[in-house]
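For reference, the structure discussed in these notes is given below.
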Amino acid sequence: MTQTLTLRRPDDWHLHLRDGDMLRAVLPHTATHFARAIIMPNLVPPVVRGADAAAYRERILAALPEGSDFTPLMTLYLTEDTDADDVAAAHASGLITAVKLYPAGATTNSASGVSNFDKVAPVLDRMADIGLPLCTHGEVTDPAVDIFDREAVFIDRVMDPLRKRHAGLKIVMEHITTADAVDYVRTADANLGATITTHHLVINRNHILAGGIKPHYYCLPVAKRETHRLALRAAATSGDARFFLGTDSAPHTDANKLLPCGCAGCFTAPNTMSILPEVFEQDGALQHLEAFTSLNGPAFYGLHANEDTLTLTKTPAAYPGHIDTPEGPVTVFDPMMPLNWSVSRD
Ligand code: DOR
Ligand code: ZN
């Protein structure tokens, strides 16, 4: 039986760091395991222009623990007013790695997102020209569409027309939650990839709703039925280069989660690298863990895999149930299983 496993250092291709006190509290939990992360721009106000991303990047670097070599990969938040020249300049200078599409109203702080895709067509054409990827929150916001169907309907109504209209555009379907999305990505051309979160490999919708409501398992896109979770597991553990880790670790204080109308998000940054080996081992796929965490993402983004490594050792791992922040406690995702892989930096 494998007792130690050395992986190229992983990257997180979808991460929420927030700002201010929360940023300072959560960032070390990512920087200790991950070399790079795609930083979500859904701050209040959002990170819209290159200058906003430059300032946010400085705040992230200033919040890093002494000696950390973590690299934030910045993104811009696509609005109907986004200026293609500003995006192209931010890309040319190396400041940004992707642009994020939120359908207006789809999730936390998405009010400035896109409703009319005609308005963003010139920006998307420019991104295709310069090879800048689009990260997508793939859910329709039509209130008539059931929340459990919003990803599948997004593929038909938005993603497929978008890919036909902007054939050269690299697109990441982020935090996919359905067998529909897995099938769609598998059969698409090489310009389409997908991230999968840690928590969607572990929970299905029963974990949120059966036996009492569990706000800490509520995130968006919401976890679906078990058949979908199994399809995500099969995709993640297959080694298929289209699928890579994006934790969508999304810290909210307990006070903001435990409300009559609580926030969406699971905070998985601290324990993801102990949960994933457990998941891959259960599925007899430890040999594909490195592809998912450390190789497929950089390859899709045209970046080098990290040179340094992380070692996983088969010894029980302990994580706190919550972290303290100046804004209040943030609960760490509970995977409901013992974690038998401990993580150390080499
Ligand atoms: O669960 C989520 N939380 N999904 C999102 O799309 C946004 C995120 C957040 O910012 O809290
Ligand atoms: Zn997210």
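As the structure is a prediction and not an experimental result, all values here were calculated from the model. Indexing begins at 1, ligand by ligand and atom by atom, following the structure's order.
At a 4.0 Å cut-off, not a single heavy atom of K100 sits close enough to ligand 1 to count as contact.
Using a 4.0 Å cut-off between a side-chain N of Lys or Arg and a carboxylate O of Asp or Glu, D118 and R165 qualify as a salt bridge. Classification of D308 and R8 as a salt-bridged pair fails, no side-chain N sitting under 4.0 Å from a carboxylate O. Taking the charged nitrogens against the carboxylate oxygens, D85 and R126 do have a contact shorter than 4.0 Å, which makes a salt bridge.
Between L220 and ligand 1, at least one pair of N/O atoms sits closer than 3.5 Å. In terms of polar-atom proximity, A264 is counted as a contact of ligand 1, with an N or O under 3.5 Å from an N or O of the ligand.
Short contacts between ligand 1 and H252, defined as distances under 4.0 Å to a heavy atom of the residue, involve ligand atoms 9 (C), 11 (O). Every atom of ligand 1 with a heavy atom of C219 under 4.0 Å away is listed here by number and element: 1 (O). Close approach of ligand 1 to D248 (heavy-atom distance below 4.0 Å) involves ligand atoms 4 (N). Those atoms of ligand 1 that come under 4.0 Å of a heavy atom in H137, given as number and element, are 6 (O). Residue-ligand proximity, A250 to ligand 1, at heavy-atom distances under 4.0 Å covers atoms 3 (N), 8 (C), 9 (C), 11 (O).
Judged by distance alone, the side chain of N271 and the main-chain N or O of F333 form a donor-acceptor pair under 3.5 Å.
Distances from the Zn ion (ligand 2) show that H14 has an N/O/S atom below 2.8 Å. The Zn ion (ligand 2) has no N, O or S atom of H137 closer than 2.8 Å.
For H166 and D125, the side-chain atoms include at least one donor-acceptor pair closer than 3.5 Å. Using a 3.5 Å distance cut-off with no hydrogens or angles, the side chains of N42 and H16 do pair a donor with an acceptor. Checked by atom type, the side-chain pair E226/H228 shows no donor-acceptor distance below 3.5 Å. Between the side chains of Y301 and T97, not a single donor N or O lies within less than 3.5 Å of an accepting N or O.
If you look at E174 next to ligand 1, there are no close heavy atoms at all, none under 4.0 Å.
Within D248, the N/O/S atom positioned nearest the Zn ion (ligand 2) carries the name OD1.
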